[in-house]
Amino acid sequence: MSFLAKNYNRKKISFLRGKGSYLYTSNGKKYLDFVQGIAVNCLGHAHPRLVKTIKNQSKKLWHVSNAFQIPEGEKLAKKLCQKTFANYVMFQNSGAEATEAAIKVARRYFYSIGKPNKNRILCVKNSFHGRTIAAIFASGSKKMTEGFGPKIPGFDHFVFGDHKSLKKKITKNTAAIMVETIAGEGGIKEIPDWCLKELRKLCNKKKILLILDEVQCGISRSGDFFAFESSKIKPDIVPIAKGIGGGFPIGAVLMNKKVAVGMTPGTHGSTFGGNPLAMAVANTVMDIVSSKKFLKNVKNQSKFFNSKLNQIKDNHPNIIKEIRGKGLLIGMQLYKDQAKFINKLMDKKLLTIRANDNVVRILPPLNVKKSEIIQALKIIEKVCKELN
Ligand SMILES: *Cc1c(COP(=O)(O)O)cnc(C)c1O
């Protein structure tokens with residue numbers, strides 16, 4: 001008998017401890033974890049530097065109110081701004097809070113320049129920006145919003161890839177376009193660089209803001225610190241979360257100078273957002289994952305993983321339809337039943353997770369070893385053979 005609400009369809013397995021890419025059950029079974037809390041544990045489980053950081057900080061200071069200065073947060077914000085397009089950062093605790101805060105920043109900007117009617121956010125139909133009331137209506141998914149009405153106004157939607165409908169949906173009241181640079185839950189669907197460039201141009205022309213949700217694809221997951229970097233464009237606002245805490249719940253909104261004018265004292269807040277414990281952990285994550293050497297390794301491992309997955313696909317053209325993704329955000333779109341495939345991988349001690357579009361999502365830690373990738377490939381190949 002479980003006293004937990006039934007809002008998750010959980011697998012009948014639990015883990016006692018983790019180390020790097022592996023998880024261990026209480027009866028000693030070892031799993032290769034290529035879920036990593038859904039792109040959260042970017043450095044795997046129990047990374048020694050993160051363990052050390054949390055241990056040291058926990059003896060000093062966990063939490064103080066944002067009524068006071070928090071040097072660890074100042075430090076992290078500076079690092080994030082020096083590394084990216086951003087001029088300012090606002091800390092939250094999760095992805096949904098970060099996307100909602102991004103919307104608040106966009107609306108408040110237009111309010112502060114005397115255009116309060118410019119407040120509508122244009123999003124991709126069936127995208128994913130989190131599960132709070134506003135975020136589900138931003139996502140525009142029937143499944144996620146069903147029974148949670150009344151509908152929150154202020155969101156418009158266009159179909160992914162349909163540029164005509166996107167242009168048509170922009171009105172004089174549109175404040176921002178908010179899209180995931182690579183749709184994670186949606187099935188690892190990437191916005192190509194040329195498209196990001198056009199999107200930036202369009203936003204400039206229409207004088208609206210560009211919000212790129214990098215909650216899943218950001219923080220070096222794509223092989224660049226942000227997935228949009230290869231396009232050379234600069235967004236106005238970027239919500240982040242998942243990877244930045246390495247397993248500790250943290251979210252943030254990054255913004256440029258222009259839009260930050262609206263966020264004056266008292267306009268936004270979060271009790272926990274940016275507390276010293278969270279900031280200490282994220283500082284250590286940031287130091288590790290943003291280095292050139294680290295990013296180069298993500299790209300190399302990704303190249304290897306992808307080419308081998310494509311070989312498996314070519315050997316099993318009736319099972320795997322397409323290998324998608326960028327960096328170590330990998331999607332394997334199947335012809336066969338996704339749930340069955342994932343369960344078979346799990347039977348062979350490889351953990352993966354579903355995404356829409358009949359995609360199996362593969363999310364290794366960013367410091368994954370080549371030998372671990374080879375182990376995963378062998379298991380994937382075996383399952384393909386079994387299903388033939
Ligand atoms: C996971 C995710 C969110 C929501 O994050 P939570 O921490 O679950 O609230 C928002 N946007 C994207 C793109 C995500 O992948």
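When reading the values below, keep in mind they use all heavy atoms of this one structure, side chains included, and skip hydrogens, waters and symmetry mates. Every number for a ligand or one of its atoms is a count from 1 in the order of the listing. The chain is numbered in sequence order, starting from 1.
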### Task
In plain terms, say whether D236 and R200 are close enough for a salt bridge, that is, a side-chain N and a carboxylate O under 4.0 Å apart.
yes

### Message
I'd like to know if E185 pairs up with R361 as an ion pair, taking the criterion as any Lys NZ or Arg NE/NH1/NH2 lying under 4.0 Å from an Asp or Glu carboxylate oxygen.
### Response
yes

### Message
What does the 4.0 Å heavy-atom contact list look like for ligand 1?
### Response
S94, G95, A96, F128, H129, G130, E180, D213, V215, Q216, K242

### Message
Do R49 and I288 have side chains that approach each other closer than 4.5 Å (heavy atoms only, starting at C-beta)?
### Response
yes

### Query
Of the options E372, K348, K349, which is the one that meets L32 in a side chain to side chain contact (heavy atoms under 4.5 Å, CB included)?
E372

### Message
Surrounding NZ of K75 (heavy atoms of other residues, nucleotides or ligands, distance under 6.0 Å), is the total greater than 12?
### Response
no

#### Entry: NZ/NE/NH1/NH2 to OD/OE distance under 4.0 Å, D156 and K169
no

